[in-house]
Q: 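Dropping the structure in here first, questions after.
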Amino acid sequence: MRRSLTVLTAVLALAVSATASASGSGSLWTAGVPFANVVASTPTAGGGYPVPPGSTVPLAGTCRPGPFAANRSESWIAVKPGTEDLLGTSKFFFDKFSTFYMFYLGAYTVPKGTPVSNHQVQGYDCVSTGTQAMPPSWTDTTDPNVAFDTRGRAYQTTLPFNAFWDGTKLHPDGAIDVSYSDDLGRHWVKGNGGRDLEQAPNASAKQAGHVEDKQWVSVNHTPGNKFQDHVYAAWAVFNSDNTTKIRIAVSRDRGQTFSKAVTVTAPSQTGPANTYIYPSVDAAGDLYIAFGGFPVNRNRGPVTLWVSRSADDGVTFSPFVAAATVGTLPVDDLPNTTFRDGIVENFAASPTHPGHLYLTYEDWDGTQMDVKFTQSTNGGRTWSAPVVVNDNVDASGPTDQFQPSVAAGPSGAVAIAFYDRRAACPSDPSVLAADVGRGNFCIDTSLQAYKDSGAGAVPVGGNVRVSQFTWDPMNPAQHLGGIGQMACAGHSDPCTSRAFIGDYFGLAISATSIYGLFVSTHYPSGVTADEGGPVYYQQQVLSTVPRSAFGAQF
């Protein structure tokens, strides 16, 4: 605890706001707007699993209190309706065990746009549950998502699982739950009476079949609608025959109970493997789902993005409509670097215009990754021709723009944000010496604003940079206690598989601002590396862009 408090004090001193208004690195961004960056992640303490020396897996019954002062990969963010209060979520890697994929869900409490505290999401570890029994305690919890209802309750669909990678023993493999918070993420309660929405059978990591993953949440926050404050939890179930189906459950009493989960995908229509499910509710209170339909071998052949509508509170869905076809990487990582690329698409329905839907996705053409955008103004029955969102002009070879998020806010505001490799790696202490000057390597966050006045979303200006610093995805390359600190998509030290920066990041729009919550390794932590100097952990950066910067009508 003393170490955690020392680290907390050091990092709080670093979590200061930085404001920028220049167009970015030289003329790489053709437009510029004022924005503010602040480090939202600060160390906290909670419960988690260490990995014993010589092992790559935790041991059952060894959960203990410890610090969450390391990597914060992957995030989401939501605005409490009618306010500038924000709630963010991300993965909080436990202690020094990032390379072993040991993490839990955590929350960022951000009243009036100012981060004030971080909290482990309670109910999934031995400290907050008071027991080593599995369940209710689990070795990990994932994937961050969050949405508010009209009365300020925040919900997220959670995936607790057990990371006993050696597969020598049987354990409950995973579950789908929903947790909610009434105090902006400081405290969380399991919904559905504390019961799982769905739980996998006892299994080892070497057994295939019935694995839940890629879960998400949406809430009907349309005042006066007959389905107001109904909560929609959706997830994918991966089966041993390489097929994947999408499941959905609905709460009609603000998370206290949920309907029995039902399968909503039809493999005869959408293909054998369906995942990356995003539910969203439009201004009429209709529920839409968007997801990717993959071939059995997800790296062979294009992916189709499907959209469907439910006008009866998630009971039935309309025929699936193909909105776009996506080119995907033959392997999971982008050229040059080793980090795993993330989820293909992101989706939002308009809170202003009924039936207006916005779908963004990354598209690999065999040489580079671009961000594309398609939309519907008739409830998903037809879709516009996709357009490229990123406007970079690459003078020294192709660069990648990837992992887009889309948000729709009040008064027809729409925005797409994405990770962007158009700028070369700078020379500063947070960039590894070997990476300085490299192209298509280091990362910024770019934003494209749109306005939908009733006939569909149209661009407002060009891409703008909303990250103050370009960061190196190959950090943290430092060690702590002899263990590498890279966030790893595998479970070994050193990280011999793909590094992990997260599969997506958060974007939200309020009445006054656009908010992004994304990763950066630019900011030094308060943790001293074995090599001396700070560990450059992945931190979550909150970027605030005033809507007024895009003109009075935006």
Side-chain angles (χ1 to χ4, degrees), residues 147 214 216-222 225-227 230 232-236 245-248 250 262-271 274-294 302-326 343-363 371-387 389 404-409 412-416 450-458 507 509:
K214 303 297 182 286
W216 211 258
V217 70
S218 185
V219 181
N220 184 327
H221 45 67
T222 306
N225 187 268
K226 61 182 177 180
F227 304 136
H230 290 193
Y232 307 100
W235 63 94
K245 60 188 178 184
I246 287 172
R247 307 269 283 166
I248 191 167
V250 182
V262 297
T263 300
V264 297
T265 48
S268 61
Q269 268 191 281
T270 59
N274 303 292
T275 187
Y276 303 159
I277 172 70
Y278 286 100
S280 191
V281 178
D282 75 354
D286 289 342
L287 170 67
Y288 293 85
I289 57 171
F291 59 91
F294 287 77
V303 173
T304 301
L305 302 181
W306 299 92
V307 178
S308 181
R309 167 179 171 262
S310 175
D312 58 6
D313 203 31
V315 177
T316 62
F317 286 83
S318 65
F320 301 99
V321 175
T325 301
V326 182
I343 290 175
V344 169
E345 92 284 4
N346 197 248
F347 174 70
S350 174
T352 308
H353 303 293
H356 285 216
L357 313 174
Y358 314 109
L359 182 64
T360 185
Y361 58 95
E362 58 178 34
D363 189 55
V371 171
K372 293 187 176 179
F373 176 48
T374 180
Q375 59 182 313
S376 174
T377 58
N378 58 12
R381 291 190 295 274
T382 60
W383 290 82
S384 66
V387 296
V389 177
S405 291
V406 63
V414 180
I416 294 175
Y450 296 83
K451 180 60 181 273
D452 189 343
S453 298
V458 296
L507 185 69
I509 304 176

Q: Check ring pair (Phe, Tyr, Trp, His ring centres under 6.0 Å) between F320 and all other residues, then give those that pass, not counting sequence neighbours.
A: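 Per chain and number, F320 pairs via ring pair (Phe, Tyr, Trp, His ring centres under 6.0 Å) with F291.
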Q: For residues N220 and T222, report the shortest heavy-atom separation together with the two atoms involved.
A: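 Scanning both residues, the minimum pair turns out to be OD1-N, 3.0 Å.
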Q: My understanding is that only residues two or more places apart in sequence, or in another chain, count here; which of them pass ring pair (Phe, Tyr, Trp, His ring centres under 6.0 Å) with Y450?
A: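 If we apply the ring pair (Phe, Tyr, Trp, His ring centres under 6.0 Å) test to Y450, skipping adjacent residues, the hits are F373.
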Q: Could you tell me which residues satisfy ring pair (Phe, Tyr, Trp, His ring centres under 6.0 Å) with F347, sequence neighbours excluded, listed by chain and number?
A: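 None.
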Q: Does some side-chain heavy atom of I343 sit less than 4.5 Å from a side-chain heavy atom of Y278?
A: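 SC-SC contact between Y278 and I343 confirmed.
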Q: Between A236 and T275, what is the shortest heavy-atom contact and its length?
A: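 Taking A236 first and T275 second, the nearest heavy atoms are CB-OG1, 3.6 Å.
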Q: Hey, what do you get for OH (Y358) to CG (D452), rounding to the nearest 0.5 Å?
A: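 Y358 OH to D452 CG: 3.5 Å, rounded to 0.5 Å.
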Q: Checking T377 now: which residues fulfil side chain to side chain donor-acceptor pair (under 3.5 Å) with it, not counting sequence neighbours?
A: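 Side chain to side chain donor-acceptor pair (under 3.5 Å) check on T377 returns nothing, list empty.
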Q: Which value, rounded to the nearest 0.5 Å, describes the distance between D286 atom CG and R309 atom CZ?
A: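 So the CG of D286 and the CZ of R309 are separated by 4.0 Å.
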Q: Between A408 and P351, which heavy-atom pair has the shortest distance, and what is it?
A: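 Taking every non-hydrogen atom into account, CB-CD, 3.7 Å.
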Q: Work out which heavy atom in P354 is nearest to a heavy atom in A284; give both atom names and the distance.
A: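 Heavy atoms of P354 and A284 come nearest at CB-CB, 3.8 Å.
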Q: Can any side-chain N or O of T360 pair as donor or acceptor with the backbone N or O of S405 at less than 3.5 Å?
A: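 Such a contact is absent between T360 side chain and S405 backbone.
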Q: Under the salt bridge (Lys or Arg N to Asp or Glu O under 4.0 Å) rule, collect the residues that match up with D282, sequence neighbours excluded.
A: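 With sequence neighbours excluded, D282 shows a salt bridge (Lys or Arg N to Asp or Glu O under 4.0 Å) to no residue whatsoever.
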Q: Is any side-chain heavy atom of N346 closer than 4.5 Å to a side-chain heavy atom of P404?
A: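 A side-chain contact is absent here, since even the closest heavy-atom pair is not under 4.5 Å.
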Q: Run the side chain to side chain donor-acceptor pair (under 3.5 Å) test against T270 and tell me which residues pass, sequence neighbours left out.
A: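 T270: side chain to side chain donor-acceptor pair (under 3.5 Å) contacts with N274.
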Q: Please find the pair of heavy atoms, one from S280 and one from S218, that lie closest to each other, and give the distance.
A: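 Minimum heavy-atom contact is CA-OG, 3.5 Å.
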Q: Which residues pass the side chain to side chain donor-acceptor pair (under 3.5 Å) test with W235, not counting sequence neighbours?
A: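 Per chain and number, W235 pairs via side chain to side chain donor-acceptor pair (under 3.5 Å) with E198.
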Q: Please identify each residue that fulfils side chain to side chain donor-acceptor pair (under 3.5 Å) with T325, with sequence neighbours left out.
A: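 Expected list: none.
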Q: Name all residues meeting the salt bridge (Lys or Arg N to Asp or Glu O under 4.0 Å) criterion together with K372; count only those two or more places apart in sequence or in a different chain, and write none if there are none.
A: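 Checked K372 against salt bridge (Lys or Arg N to Asp or Glu O under 4.0 Å); matches are D363.
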Q: For side chain to side chain contact (heavy atoms under 4.5 Å, CB included), just list the numbers for L359 and V406, CA-CA rounded to whole Å, side-chain angles, deciding distance to a tenth of an Å, and then say yes or no.
A: CA-CA 7 Å; L359 182 64; V406 63; over 6 Å; no
Q: If only atom types and distance count, is the side chain of S310 paired as donor or acceptor with the main-chain N or O of F317 below 3.5 Å?
A: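 Not at all, since once roles are kept as given, no pair shorter than 3.5 Å links the two residues.
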Q: Rounded to the nearest 0.5 Å, how far does OG1 of T374 lie from CG of L305?
A: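 Atom-to-atom, L305:CG and T374:OG1 are 9.5 Å apart.
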Q: Are Y361 and V303 packed together at the side-chain level, in the sense that at least one heavy-atom pair is separated by less than 4.5 angstrom?
A: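 Answer no - side chains too far apart.
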Q: In chain order, what residues pass the ring pair (Phe, Tyr, Trp, His ring centres under 6.0 Å) check against H221, with sequence neighbours excluded?
A: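 None.
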Q: What do the steps show when you test I248 against V262 for side chain to side chain contact (heavy atoms under 4.5 Å, CB included), and what is the final call?
A: CA-CA 6 Å; I248 191 167; V262 297; 3.8 Å; yes
Q: Starting at OG of S376, measure out to CH2 of W383 and round the result to the nearest 0.5 Å.
A: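 The OG atom of S376 sits 5.0 Å away from the CH2 atom of W383.
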Q: To the nearest 0.5 Å, what is the distance between NZ on K245 and CD1 on I277?
A: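 Result: 14.5 Å between the selected atoms.
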Q: Please, which pairs that meet salt bridge (charged side-chain N to carboxylate O under 4.0 Å, His left out) have at least one residue in residues 344-359, sequence neighbours excluded?
A: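 Of all non-adjacent pairs touching residues 344-359, none passes salt bridge (charged side-chain N to carboxylate O under 4.0 Å, His left out).
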Q: Quick check: do T265 and W306 have side-chain heavy atoms less than 4.5 Å from each other?
A: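 Heavy-atom side-chain distance check fails, nothing below 4.5 Å.
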Q: Please lay out, stage by stage, how Y232 and I289 fare under the test side chain to side chain contact (heavy atoms under 4.5 Å, CB included).
A: CA-CA 10 Å; Y232 307 100; I289 57 171; over 6 Å; no
Q: CZ/R381 to CG/L357 distance, rounded to the nearest 0.5 angstrom?
A: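 With rounding to 0.5 Å, CZ (R381) is 10.0 Å from CG (L357).
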Q: Run the salt bridge (Lys or Arg N to Asp or Glu O under 4.0 Å) test against D313 and tell me which residues pass, sequence neighbours left out.
A: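 D313 satisfies salt bridge (Lys or Arg N to Asp or Glu O under 4.0 Å) with R252 only.
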Q: Can you tell me if N378 uses its side chain to pair, donor with acceptor, with the backbone of G355 under 3.5 Å?
A: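 Not a single qualifying donor-acceptor pair exists.
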